[in-house]
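One structure is given below, encoded as structure tokens.
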Amino acid sequence: ASSYAQHPEDQHIDQLYESFRKSFQTTDPQIMRKIYWEDSQYLTFEEPIRNGIEEFIGGFEGFFKDLATKKDQADIRFIVT
């Protein structure tokens with residue numbers, strides 16, 4: 001096993017990323033409520049900063065709805081080397 005897998009804090013971070021990924025795979029932005037605070041801020045490339053969990057979740061609701069309408073899927077991965 002790698003030394004990375006031996007650190008509990010790293011495993012916790014991996015669990016957070018896995019929850020975020022599951023939200024994309026299931027197109028369920030409500031999963032993100034478990035990993036973000038009420039006053040979270042989210043940066044995007046094309047839009048202003050989203051302030052607060054409701055604005056944050058609302059953005060993903062729209063994105064996931066568009067995916068469903070187009071019958072597309074989304075997946076996201078985080079890799080640190």
Side-chain angles (χ1 to χ4, degrees):
S2 71
S3 60
Y4 172 80
Q6 295 175 1
H7 298 286
E9 62 274 7
D10 293 336
Q11 291 174 354
H12 179 70
I13 291 168
D14 285 344
Q15 290 170 348
L16 294 175
Y17 281 127
E18 189 56 36
S19 292
F20 193 78
R21 183 173 181 221
K22 183 177 179 182
S23 184
F24 270 75
Q25 292 172 326
T26 62
T27 62
D28 181 3
Q30 297 305 318
I31 292 171
M32 293 181 193
R33 286 190 186 280
K34 298 175 186 172
I35 58 176
Y36 286 92
W37 289 280
E38 289 296 320
D39 61 349
S40 292
Q41 294 184 322
Y42 190 75
L43 302 173
T44 66
F45 290 110
E46 300 171 354
E47 298 177 13
I49 296 172
R50 297 185 188 272
N51 293 296
I53 193 75
E54 295 308 322
E55 193 174 318
F56 174 78
I57 296 291
F60 277 100
E61 285 173 342
F63 173 68
F64 291 154
K65 184 177 179 180
D66 288 346
L67 284 176
T69 300
K70 297 175 187 175
K71 297 188 190 290
D72 283 340
Q73 295 179 337
D75 195 1
I76 190 167
R77 295 180 191 268
F78 300 92
I79 300 170
V80 178
T81 58

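Every heavy atom of this structure was used, including side-chain atoms; hydrogens, water molecules and symmetry mates were not.
- Using a 4.5 Å heavy-atom threshold, the side chains of F64 and S23 count as touching.
- Distance check: Q25 CD to Q73 CD gives 9.0 Å after rounding to the nearest 0.5 Å.
- Pairing each heavy atom of F56 with each of R50, the nearest pair is CA-CD, 4.1 Å.
- E55 has its side chain out of reach of Q41: every pair of non-hydrogen atoms, C-beta onward, lies at least 4.5 Å apart.
- Judged by distance alone, with hydrogens and angles left aside, the side-chain atoms of S40 form no donor-acceptor pair with the main-chain N or O of G52 at under 3.5 Å.
- Annotation for K22 and I31: closest pair CG-CD1, 4.0 Å, computed over non-hydrogen atoms.
- If you take CG on L67 and NZ on K65, they are separated by 12.5 Å, rounding to the nearest 0.5 Å.
- The distance from the CZ atom of F60 to the OG1 atom of T27 is 12.5 Å, given to the nearest 0.5 Å.
- In the model, E61 has a side-chain atom that pairs as donor or acceptor with a side-chain atom of Q30 under 3.5 Å.
- Residues satisfying the side-chain contact (heavy atoms from CB on, under 4.5 Å) test with E18, not counting sequence neighbours, are R21.
- Nearest heavy atom pair, residue I53 against residue W37, reads CB-O, 3.7 Å.
- Within the 4.5 Å cutoff, the side chain of F20 has no heavy atoms near those of the K34 side chain.
- For the pair S19 (side chain) and Q15 (backbone), a donor-acceptor distance under 3.5 Å is present.
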